Amino acid sequence: MRIQRLTEISSEIPVASMSDIAFLLIVFFMIVSVFSLEAGFLLKLPDKDQPPLKVADKKIIEVRIGEDNCLTLDQKTVTFAELNACLEHENSHELQYVAIKAHGQSQYKIVVAVIECFRRRGFDKISLKRLGP
Amino acid sequence: MKLKNGHRLQSIIPVASMSDIAFLLLIFMLLSSILAPQPPLRIDPPKVPNTAEVKEEQGLRIYVNAAGLAGINDTLGRLDDLENLLPGIACPEERVFLYADSGCEYEKIDRVLAALKAKAFRHVTLICRETPGGGPLE
(Lines give C-alpha, C1' and ligand atoms only; values in the text may rest on other atoms or scores of the structure.)
Protein backbone atom coordinates (compact mmCIF):
# COMPACT_ATOMS: atom_id res chain seq x y z
CA MET A 1 0.00 0.00 0.00
CA ARG A 2 1.33 3.46 -0.88
CA ILE A 3 1.42 5.99 1.90
CA GLN A 4 0.47 9.45 0.82
CA ARG A 5 2.37 12.41 2.31
CA LEU A 6 0.08 14.74 4.14
CA THR A 7 2.18 17.92 4.19
CA GLU A 8 3.84 19.26 1.10
CA ILE A 9 6.94 21.42 1.48
CA SER A 10 6.66 24.51 -0.65
CA SER A 11 9.70 25.31 -2.76
CA GLU A 12 8.91 29.06 -2.96
CA ILE A 13 10.16 31.79 -0.68
CA PRO A 14 7.28 34.04 0.35
CA VAL A 15 8.12 37.58 -0.79
CA ALA A 16 4.70 39.15 -0.42
CA SER A 17 5.71 41.05 2.70
CA MET A 18 8.98 42.32 1.18
CA SER A 19 7.36 45.46 -0.23
CA ASP A 20 5.82 46.21 3.18
CA ILE A 21 9.25 45.96 4.79
CA ALA A 22 10.82 48.19 2.12
CA PHE A 23 8.13 50.84 2.46
CA LEU A 24 8.43 50.74 6.23
CA LEU A 25 12.18 51.34 5.85
CA ILE A 26 11.52 54.29 3.49
CA VAL A 27 9.06 55.82 5.95
CA PHE A 28 11.58 55.33 8.77
CA PHE A 29 14.35 57.09 6.80
CA MET A 30 12.03 59.92 5.83
CA ILE A 31 11.06 60.51 9.45
CA VAL A 32 14.51 60.32 10.99
CA SER A 33 16.25 62.42 8.34
CA VAL A 34 16.38 66.17 8.84
CA PHE A 35 17.16 68.78 6.25
CA SER A 36 20.47 70.35 7.02
CA LEU A 37 19.69 74.03 7.16
CA GLU A 38 21.72 76.58 9.01
CA ALA A 39 21.13 80.24 9.65
CA GLY A 40 23.72 82.91 9.14
CA PHE A 41 25.09 85.83 7.20
CA LEU A 42 26.99 85.53 3.98
CA LEU A 43 30.10 87.68 3.76
CA LYS A 44 32.01 88.24 0.59
CA LEU A 45 35.67 88.75 1.31
CA PRO A 46 37.64 91.09 -0.93
CA ASP A 47 40.12 89.70 -3.37
CA LYS A 48 43.59 89.63 -1.77
CA ASP A 49 45.15 91.39 -4.78
CA GLN A 50 42.39 93.97 -5.11
CA PRO A 51 43.28 97.52 -4.00
CA PRO A 52 41.08 99.01 -1.24
CA LEU A 53 37.86 100.63 -2.43
CA LYS A 54 37.78 104.41 -2.00
CA VAL A 55 34.41 105.81 -0.93
CA ALA A 56 33.42 109.38 -0.09
CA ASP A 57 33.15 109.97 3.67
CA LYS A 58 29.54 111.11 3.51
CA LYS A 59 28.48 107.74 2.11
CA ILE A 60 29.94 105.81 5.03
CA ILE A 61 28.15 105.00 8.24
CA GLU A 62 30.78 104.17 10.82
CA VAL A 63 30.04 102.00 13.82
CA ARG A 64 32.71 101.31 16.38
CA ILE A 65 32.55 98.53 18.91
CA GLY A 66 34.78 99.23 21.87
CA GLU A 67 36.78 96.93 24.10
CA ASP A 68 33.90 97.02 26.58
CA ASN A 69 31.37 96.23 23.78
CA CYS A 70 29.92 99.74 23.77
CA LEU A 71 28.73 101.07 20.41
CA THR A 72 29.66 104.35 18.80
CA LEU A 73 27.74 105.58 15.77
CA ASP A 74 29.42 108.43 13.96
CA GLN A 75 31.35 109.30 17.15
CA LYS A 76 28.26 109.22 19.40
CA THR A 77 27.83 106.49 21.99
CA VAL A 78 24.59 104.63 21.38
CA THR A 79 22.71 101.61 22.67
CA PHE A 80 21.29 98.89 20.38
CA ALA A 81 17.82 100.42 20.62
CA GLU A 82 19.20 103.81 19.61
CA LEU A 83 21.14 102.28 16.73
CA ASN A 84 17.95 100.61 15.48
CA ALA A 85 16.05 103.88 15.80
CA CYS A 86 18.74 105.79 13.89
CA LEU A 87 18.71 103.25 11.07
CA GLU A 88 14.95 103.48 10.69
CA HIS A 89 15.39 107.05 9.45
CA GLU A 90 18.01 106.07 6.90
CA ASN A 91 16.34 105.90 3.52
CA SER A 92 19.21 105.92 1.08
CA HIS A 93 20.74 102.67 2.33
CA GLU A 94 21.40 101.46 -1.19
CA LEU A 95 24.08 104.11 -1.56
CA GLN A 96 25.44 103.83 1.95
CA TYR A 97 28.46 101.84 2.97
CA VAL A 98 28.77 100.54 6.51
CA ALA A 99 32.13 100.34 8.23
CA ILE A 100 32.08 98.24 11.37
CA LYS A 101 35.26 98.78 13.33
CA ALA A 102 35.46 96.35 16.20
CA HIS A 103 38.07 96.23 18.91
CA GLY A 104 40.00 92.96 19.05
CA GLN A 105 38.72 92.29 22.57
CA SER A 106 35.06 92.99 21.75
CA GLN A 107 32.74 90.02 21.68
CA TYR A 108 31.86 88.28 18.43
CA LYS A 109 28.14 88.21 19.32
CA ILE A 110 28.09 92.03 19.44
CA VAL A 111 29.70 92.24 16.00
CA VAL A 112 27.16 89.76 14.62
CA ALA A 113 24.30 91.68 16.23
CA VAL A 114 25.48 94.91 14.57
CA ILE A 115 25.75 93.15 11.19
CA GLU A 116 22.21 91.79 11.68
CA CYS A 117 20.95 95.28 12.56
CA PHE A 118 22.21 96.68 9.25
CA ARG A 119 21.25 93.65 7.15
CA ARG A 120 17.69 93.82 8.47
CA ARG A 121 17.45 97.41 7.23
CA GLY A 122 18.71 96.45 3.79
CA PHE A 123 22.33 97.55 4.06
CA ASP A 124 24.46 95.07 2.19
CA LYS A 125 27.74 96.94 1.68
CA ILE A 126 29.36 96.16 5.00
CA SER A 127 33.06 96.18 5.73
CA LEU A 128 34.71 94.84 8.86
CA LYS A 129 37.88 96.15 10.42
CA ARG A 130 39.68 95.25 13.59
CA LEU A 131 40.84 97.96 15.95
CA GLY A 132 43.52 97.52 18.58
CA PRO A 133 45.24 94.22 19.36
CA MET B 1 -28.27 28.69 -25.48
CA LYS B 2 -25.86 30.17 -22.98
CA LEU B 3 -22.97 32.18 -24.46
CA LYS B 4 -19.58 31.51 -22.93
CA ASN B 5 -17.36 34.47 -22.15
CA GLY B 6 -14.16 34.18 -24.18
CA HIS B 7 -11.73 35.79 -21.72
CA ARG B 8 -12.02 36.45 -18.06
CA LEU B 9 -11.15 39.73 -16.40
CA GLN B 10 -8.56 39.23 -13.71
CA SER B 11 -9.40 40.72 -10.36
CA ILE B 12 -5.82 40.64 -9.07
CA ILE B 13 -3.46 43.63 -9.21
CA PRO B 14 0.10 42.46 -9.87
CA VAL B 15 2.27 43.68 -7.00
CA ALA B 16 5.31 41.54 -7.60
CA SER B 17 7.38 44.53 -8.76
CA MET B 18 6.31 46.70 -5.84
CA SER B 19 9.19 45.53 -3.65
CA ASP B 20 11.67 46.32 -6.45
CA ILE B 21 10.31 49.87 -6.70
CA ALA B 22 10.42 50.28 -2.92
CA PHE B 23 14.00 49.06 -2.69
CA LEU B 24 15.05 51.30 -5.58
CA LEU B 25 13.53 54.27 -3.73
CA LEU B 26 15.31 53.21 -0.56
CA ILE B 27 18.69 52.95 -2.33
CA PHE B 28 18.13 56.35 -3.97
CA MET B 29 17.41 57.95 -0.59
CA LEU B 30 20.42 56.33 1.02
CA LEU B 31 22.74 57.46 -1.75
CA SER B 32 21.41 61.00 -2.11
CA SER B 33 21.41 61.84 1.59
CA ILE B 34 24.50 63.37 3.21
CA LEU B 35 25.41 62.41 6.72
CA ALA B 36 25.49 65.32 9.15
CA PRO B 37 29.12 66.13 9.98
CA GLN B 38 30.23 65.72 13.57
CA PRO B 39 31.86 68.96 14.77
CA PRO B 40 35.23 68.52 16.49
CA LEU B 41 34.35 71.34 18.93
CA ARG B 42 31.24 72.22 20.87
CA ILE B 43 30.15 75.64 19.63
CA ASP B 44 27.51 78.02 20.93
CA PRO B 45 26.85 80.34 17.95
CA PRO B 46 25.53 83.88 18.51
CA LYS B 47 21.77 84.31 18.74
CA VAL B 48 20.13 86.85 16.47
CA PRO B 49 16.45 87.58 15.80
CA ASN B 50 16.71 87.46 11.99
CA THR B 51 19.04 85.69 9.63
CA ALA B 52 19.04 84.36 6.15
CA GLU B 53 18.57 80.63 5.87
CA VAL B 54 21.64 78.99 4.46
CA LYS B 55 21.40 75.63 2.82
CA GLU B 56 24.34 73.62 3.93
CA GLU B 57 26.25 72.64 0.88
CA GLN B 58 29.54 70.93 0.52
CA GLY B 59 32.17 73.33 1.75
CA LEU B 60 34.77 73.98 4.35
CA ARG B 61 33.61 74.09 7.98
CA ILE B 62 35.69 76.06 10.43
CA TYR B 63 35.02 75.92 14.17
CA VAL B 64 36.47 78.44 16.62
CA ASN B 65 35.85 78.43 20.35
CA ALA B 66 36.53 81.02 23.01
CA ALA B 67 39.57 79.11 24.33
CA GLY B 68 41.42 79.55 21.02
CA LEU B 69 40.89 76.04 19.67
CA ALA B 70 40.04 75.71 16.03
CA GLY B 71 38.70 72.90 13.93
CA ILE B 72 38.57 72.43 10.19
CA ASN B 73 35.97 69.90 9.09
CA ASP B 74 36.84 67.09 11.51
CA THR B 75 40.44 68.08 12.29
CA LEU B 76 41.15 69.78 15.57
CA GLY B 77 44.03 72.19 16.05
CA ARG B 78 45.04 75.53 17.52
CA LEU B 79 43.96 78.84 16.05
CA ASP B 80 47.64 79.80 15.62
CA ASP B 81 48.10 76.90 13.19
CA LEU B 82 44.97 77.69 11.20
CA GLU B 83 46.81 78.98 8.15
CA ASN B 84 48.81 75.74 7.95
CA LEU B 85 45.71 73.62 8.45
CA LEU B 86 43.71 75.41 5.75
CA PRO B 87 43.69 73.55 2.48
CA GLY B 88 44.26 75.31 -0.82
CA ILE B 89 41.10 76.54 -2.45
CA ALA B 90 39.60 74.14 -4.96
CA CYS B 91 37.48 76.70 -6.79
CA PRO B 92 36.81 80.42 -6.23
CA GLU B 93 33.16 79.72 -5.43
CA GLU B 94 33.96 77.31 -2.60
CA ARG B 95 32.00 78.16 0.51
CA VAL B 96 33.25 78.42 4.05
CA PHE B 97 30.96 78.00 7.06
CA LEU B 98 32.34 79.68 10.14
CA TYR B 99 31.03 78.34 13.44
CA ALA B 100 32.29 80.49 16.30
CA ASP B 101 31.35 80.81 19.95
CA SER B 102 29.26 83.86 20.74
CA GLY B 103 31.64 84.77 23.57
CA CYS B 104 34.68 84.63 21.31
CA GLU B 105 36.81 87.76 21.02
CA TYR B 106 36.55 89.44 17.64
CA GLU B 107 40.33 89.26 17.27
CA LYS B 108 40.03 85.47 16.76
CA ILE B 109 37.40 85.87 14.06
CA ASP B 110 39.51 88.51 12.35
CA ARG B 111 42.46 86.11 12.29
CA VAL B 112 40.31 83.44 10.68
CA LEU B 113 39.00 85.89 8.07
CA ALA B 114 42.56 87.09 7.34
CA ALA B 115 43.76 83.49 6.90
CA LEU B 116 40.85 82.75 4.57
CA LYS B 117 41.54 85.87 2.55
CA ALA B 118 45.20 84.89 2.24
CA LYS B 119 44.12 81.53 0.80
CA ALA B 120 41.77 83.28 -1.66
CA PHE B 121 38.51 82.08 -0.10
CA ARG B 122 35.80 84.64 -0.80
CA HIS B 123 32.43 83.30 0.38
CA VAL B 124 32.17 83.01 4.13
CA THR B 125 28.99 82.38 6.07
CA LEU B 126 28.92 83.41 9.71
CA ILE B 127 26.71 80.77 11.28
CA CYS B 128 24.23 82.05 13.87
CA ARG B 129 21.25 80.67 15.70
CA GLU B 130 17.97 82.32 14.87
CA THR B 131 16.08 83.03 18.07
CA PRO B 132 12.89 85.10 17.88
CA GLY B 133 13.44 88.05 20.16
CA GLY B 134 17.03 86.99 20.69
CA GLY B 135 19.80 89.49 20.60
CA PRO B 136 23.24 90.39 21.86
CA LEU B 137 22.11 90.86 25.42
CA GLU B 138 20.71 87.32 25.74
Side-chain angles (χ1 to χ4, degrees), chain A residues 15-30 32-50 65 67 69 71 79-81 84 100-117 119-121 128-133, chain B residues 15-26 29-30 33-34 36-37 45-56 64 66 95-111 113-114 116-130 135-138:
Chain A
V15 287
S17 59
M18 196 70 96
S19 64
D20 301 336
I21 296 166
F23 276 111
L24 276 176
L25 280 170
I26 290 176
V27 170
F28 169 74
F29 276 108
M30 282 173 83
V32 297
S33 62
V34 277
F35 286 104
S36 199
L37 279 175
E38 292 278 7
F41 300 104
L42 179 67
L43 290 185
K44 204 169 177 186
L45 298 181
D47 197 344
K48 62 175 177 177
D49 303 319
Q50 195 183 336
I65 304 168
E67 198 177 353
N69 298 315
L71 302 179
T79 60
F80 263 99
N84 270 315
I100 300 173
K101 296 181 178 176
H103 193 278
Q105 297 303 309
S106 62
Q107 282 190 320
Y108 173 55
K109 65 178 177 183
I110 305 293
V111 179
V112 169
V114 174
I115 295 173
E116 189 270 332
C117 229
R119 279 283 168 90
R120 196 168 3 125
R121 309 264 176 232
L128 290 169
K129 191 181 177 184
R130 187 176 92 189
L131 299 173
Chain B
V15 287
S17 59
M18 193 72 97
S19 63
D20 302 337
I21 296 166
F23 274 109
L24 277 176
L25 277 170
L26 192 64
M29 283 186 68
L30 285 170
S33 60
I34 305 164
K47 296 179 188 106
V48 283
N50 290 295
T51 52
E53 254 185 13
V54 184
K55 192 174 178 229
E56 246 191 276
V64 180
R95 294 197 175 274
V96 178
F97 300 97
L98 178 56
Y99 297 79
D101 262 335
S102 59
C104 216
E105 291 128 6
Y106 178 66
E107 175 256 337
K108 292 187 175 77
I109 310 300
D110 188 65
R111 277 163 65 187
L113 294 178
L116 288 170
K117 196 179 156 189
K119 293 268 181 176
F121 286 95
R122 296 200 64 196
H123 302 281
V124 183
T125 305
L126 306 178
I127 298 294
C128 307
R129 188 178 299 150
E130 195 170 300
L137 304 174
E138 288 222 341

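Since the model is a prediction, treat every value here as computed from it, not as a measurement. Chain identifiers are assigned alphabetically (A, B, ...) following the order of the sequence lines, protein sequences preceding nucleic acid strands; residue numbering begins at 1 within each chain. Every heavy atom of this structure was used, including side-chain atoms; hydrogens, water molecules and symmetry mates were not.
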Heavy-atom side-chain proximity of B:Ser102 to A:Gln107 below 4.5 angstrom: no

Option in A:His103, A:Glu116, A:Gln105 with maximal non-hydrogen atom pairs under 4.5 Å from chain B: A:Glu116

Atom group of B:Met18 that falls short of 4.5 Å from chain A, counting heavy atoms: both

B:Ile109 portion near chain A, given a 4.5 angstrom heavy-atom threshold: side chain

Contact class of B:Asp20 relative to chain A, heavy atoms under 4.5 angstrom: neither

A:Leu128 side chain near B:Leu113 side chain, heavy-atom distance below 4.5 Å: yes

Point-to-point distance, once rounded to the nearest 0.5 Å, from CG of B:Leu26 to CZ of A:Phe29: 6.0 Å

Validation row: B:Val64, A:Tyr108 side chains within 4.5 angstrom (heavy atoms): no

When B:Ala100, B:Cys128, B:Ser17, B:Ala66 are compared by non-hydrogen pairs under 4.5 Å with chain A, the top option: B:Cys128

A:Gly104 to B:Glu105 - nearest heavy-atom pair and separation: O-CB, 3.5 Å

Contact origin within B:Ala118 toward chain A - heavy atom pairs under 4.5 Å: backbone

Which atom of B:Pro46 lies closest to which atom of A:Val112, heavy atoms considered: CG-CG2, 3.9 Å

Options B:Lys108, B:Glu107, B:Met29, ranked by heavy-atom pairs under 4.5 Å with chain A, top entry: B:Glu107

Passing candidate, side-chain contact (heavy atoms from CB on, under 4.5 Å) with A:Phe41, options B:Leu98, B:Val124, B:Val48: B:Val48

Heavy-atom pair with the smallest gap, counting every atom of B:Arg95 and A:Leu42: NH1-CD1, 3.3 Å

Side chain / backbone / both / neither for A:Ile115 at chain B, heavy atoms under 4.5 Å: side chain

Side chain to side chain donor-acceptor pair (under 3.5 Å) involving B:Arg129 - partner list, sequence neighbours excluded: none

Winner by heavy-atom pair count (cut-off under 4.5 Å) against chain B, out of A:Leu43, A:Ile21, A:Leu25: A:Leu43

Between NZ on residue A:Lys129 and OH on residue B:Tyr106, distance to nearest 0.5 Å: 11.0 Å

Residues which pass side chain to side chain donor-acceptor pair (under 3.5 Å) with A:Arg119, listed by chain and number, not counting sequence neighbours: none

